[in-house]
Amino acid sequence: MQKRVRSGFVLLGALALIAAGCGDDDEGGSSATTAAGGSDTTAASGGDGGDTAGGKVGFILPDSASSARWEAFDRPLLEAECEAAGIECVIQNAEGDADNMATIADQMIADGVKVLAIVNLDSDSGAAIQEKAAAAGVKNIDYDRLTLGGSADVYVSFDNVAVGTAQGEGLIECMGGAGAVEGKKIIQLHGSPTDNNATLFKQGYQTAIEGSGIETVGEQAVPDWDNAQGGVIFEQLLTAAGGEIDGVLVANDGLSLAAQAVLADAGLTVPTTGQDATVEGLRAILQGTQCMTVYKPVIEEAKGAVAAAVQLLAGDEVTANATIDNEVAEIPYVQAQVQSIFFDQVKDVVADGFVAEADVCEGIEDLCAEAGIGAGGGDASADGGKVGFILPDSASSARWEEFDRPLIEAECEAAGIECVIQNAEGDADNMATIADQMIADGVKVLAIVNLDSDSGAAIQEKAAAAGVKNIDYDRLTLGGSADVYVSFDNVAVGTAQGEGIIECMGGAGAVEGKKIIQLHGSPTDNNATLFKQGYQTAIEGSGIETVGEQAVPDWDNAQGGVIFEQLLTAAGGAIDGVLVANDGLSLAAQAVLADAGLTVPTTGQDATVEGLRAILQGTQCMTVYKPVVEEAKGAVAAAVQLLAGDEVTGNATIDNDNGEIPYVQAQVQSIFIDDVVTVIEDGFVSVEDVCDGIEDLCTEAGITVG
């Protein structure tokens, strides 16, 4: 059954990346253990977070037979994240036995866990566990697999339909590409029929191959993702097809390896798909017996689950980037994306540290060298690559020098690449001169935050002509030559602002006839256009009346104050709120309002120190938090890929008026007075800077001072 997913616009702790399931390379069925005999790890720390509320979190993994990931990756990553968050976590493994999982859950509940995260073995047994937990006042997390009919408060997983889509599109590519697969025959080997993820994978790949002309000559699900059973089932399907197949669509690496063994015995070599980017799966890709796999960095799932647990322990609403219907209700969905891995991308998985080069390349060093792994392969700095970053100014927003510059420097150092960072200080001619000098100095990648699309496009045209790759950082250059765009979801920023002003003025249904002024960002900044698109769509039909609006050239705060004063005067001072595109302009508007003896809610963006102080002091209602670290990470990661000559992996695409380009897109979070603490806890701003002189207001907002 298809599950309905709706996108959201709140912060996901990292830029995300990939999508969920099971599967690895071990053969053999699952084995049952007792709760007392199951493996058990406790991760604890003396920090705050959930621990301050006396909270303990229980994680129950499904098995260690169907996939190596649960013990090799999830357990240590969950332990590390729990320790970093300062919460006590207990981790056990049900070893494929639903009764054992129920017993473990009962014991955890009896031992006082406040949050229980399970990877269900099937929805019925998972729902029963969650019902007991909820009755005991325990919050529930669906980790990796959705429990249909369950009581989960949040689902943390990869984008599972996208996993299947990648597999379906991968098999088409492996068999010659679209237009070359008409009449080709395949077998489909599905995952466990009791795992909702397997249903979603199947939905994705069957949709992807629909209409391609591929003929499926046999298909079957494999109970419990059991690799041994998978081999037997595949052999029967292959025999029934008379051995006449051109490819195998397989749900994970473990089952793919089982199918490859059967094919080898039959003297056949045809492309197979996979999932999980396991060591054995990657080795099979390098050796040519498997065509592709899907990479899902488990670190993102572990981070998301622990972050959700911390929020649940604190009694907070979980911040997610989507919702999903679990057949009981729409619940938050912390969703990550996926990456297809073919021969040339195996080095990406090694470079990420997900697998060790030694494990992947042992005995096949020549194949690894051919794939760019080892002997300096995959090291972007090995070719002497240099990256240039040009920031726009230091006047319109404090973020560029206070956050972007040091974060980019740190990410470049961590990636082992040489980066040069300069600031154009709001002068397009200056930016062009800086770019010319960087190109002359030998940068291989140039990342700019354009001051306007025309001047940005001219810079990128010169760079591309010199063989330099281009990155649009934060702002899209319309008509430009960017190879990738790295930014936040800018329409979502505006949507958050529009929904924010409605909430600030009393909520939907209470704003009919209320009057606002809209103060837009720079007319030459495409981001400002997207913000405006988002907030005007959000307030459309609400009954709010806009009595004045104007864009502010170059995001200039002084000009913004003058423009707002003129708009306020024209409106006779009769307004109920101000929809403002960023904190700097919001503060300028607040000064004008104060001079006029007015206090009405204003919006903002950037979660600056002054913006947050204004929220605490009641002169600004909300801002939009954009964790710059995610943008910096995305830009440097893209630069590394471009230096290495690889295709950039984005989680979306965008049209820059010259075509669709990869879009590394991060999400945003609305910040009202009760959320200011979130920005401080993330380390984006310091408590000292925010609370200096207003300690009482900080304490009232739940911020610990001193």
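With 3.5 Å as the limit, one finds no donor-acceptor pair spanning the side chains of Asn526 and Thr529. Side-chain atoms of Gln536 and Gln518 include a donor-acceptor pair closer than 3.5 Å.
Of the options Val346, Thr278, Leu282, a side-chain contact (heavy atoms from CB on, under 4.5 Å) to Val355 is made by Leu282 and by none of the others. Of the options Asp472, Thr477, Thr524, a side chain to side chain donor-acceptor pair (under 3.5 Å) to Asn450 is made by Thr477 and by none of the others.
Separating the CD atom in Glu402 from the CG atom in Leu407 is a distance of 11.5 Å, to the nearest 0.5 Å. Here Leu451 contributes atom CG and Asp427 contributes atom CG; the two are 8.0 Å apart, rounded to the nearest 0.5 Å. Put simply, NZ on Lys469 and CD on Gln460 are 12.5 Å apart, with the number rounded to the nearest 0.5 Å. Here the straight-line distance linking atom CD of Glu660 with atom OH of Tyr485 works out to 13.5 Å at 0.5 Å rounding.
Using a 4.5 Å heavy-atom threshold, the side chains of Thr495 and Val493 count as separate. Inter-residue side-chain proximity for Ile341 and Val349 is flagged as met; some heavy-atom pair is nearer than 4.5 Å. Residues Val154 and Tyr333 fail the side-chain proximity criterion, which asks for heavy atoms closer than 4.5 Å. Here the side chains of Asp474 and Asn527 are in contact, with some heavy-atom distance below 4.5 Å. Proximity of Val445 to Ile471: side-chain heavy atoms (C-beta onward) are separated by under 4.5 Å at one or more points. Considering only heavy atoms from C-beta on, Gln167 comes within 4.5 Å of Val294 through its side chain. With contacts defined as side-chain heavy-atom distances shorter than 4.5 Å, the pair Leu446/Ile459 qualifies. For the pair Arg475/Ser453, no side-chain contact is recorded, criterion being any heavy-atom separation below 4.5 Å from C-beta on.
Side chain of Gln290 to main chain of Ile285: no donor-acceptor pair is present (N/O by atom type, distance under 3.5 Å, no hydrogens or angles). Side-chain atoms of Ser522 never come within 3.5 Å of backbone atoms of Pro553 as a donor-acceptor pair (strictly under, hydrogens ignored). Side chain of Asp583 to main chain of Ala607: a donor-acceptor pair is present (N/O by atom type, distance under 3.5 Å, no hydrogens or angles). A donor-acceptor contact shorter than 3.5 Å is absent between the side chain of Asn252 and the backbone of Gly274. Judged by distance alone, with hydrogens and angles left aside, the side-chain atoms of Lys462 form no donor-acceptor pair with the main-chain N or O of Ala432 at under 3.5 Å. Remark: side-chain polar atoms of Glu357 are not paired, donor with acceptor, to backbone N or O of Ile373 under 3.5 angstrom. At distances below 3.5 Å, not a single donor-acceptor pair connects side-chain atoms of Asn656 with backbone N or O atoms of Leu478.
Applying the side-chain contact (heavy atoms from CB on, under 4.5 Å) test to Pro523 and every residue at least two apart in sequence or in another chain returns Ala551. Checked against ring pair (Phe, Tyr, Trp, His ring centres under 6.0 Å), Phe354 has the following partners two or more places apart in sequence or in another chain: Phe73, Tyr295. Partners of Asp646 according to the side-chain contact (heavy atoms from CB on, under 4.5 Å) rule, which considers only residues two or more places apart in sequence or in another chain, are Lys347, Asp348, Gln641, Ala644. Evaluation of the side-chain contact (heavy atoms from CB on, under 4.5 Å) rule for Glu182 yields no partner, not counting sequence neighbours.
The ring pair (Phe, Tyr, Trp, His ring centres under 6.0 Å) pairs that include a residue from residues 392-441 are Phe403-Phe684, where partners are two or more places apart or lie in different chains. Judged as a disulfide bond (SG atoms under 2.5 Å apart), the pairs with a partner in residues 417-497 (not counting sequence neighbours) are, in order, Cys412-Cys419.
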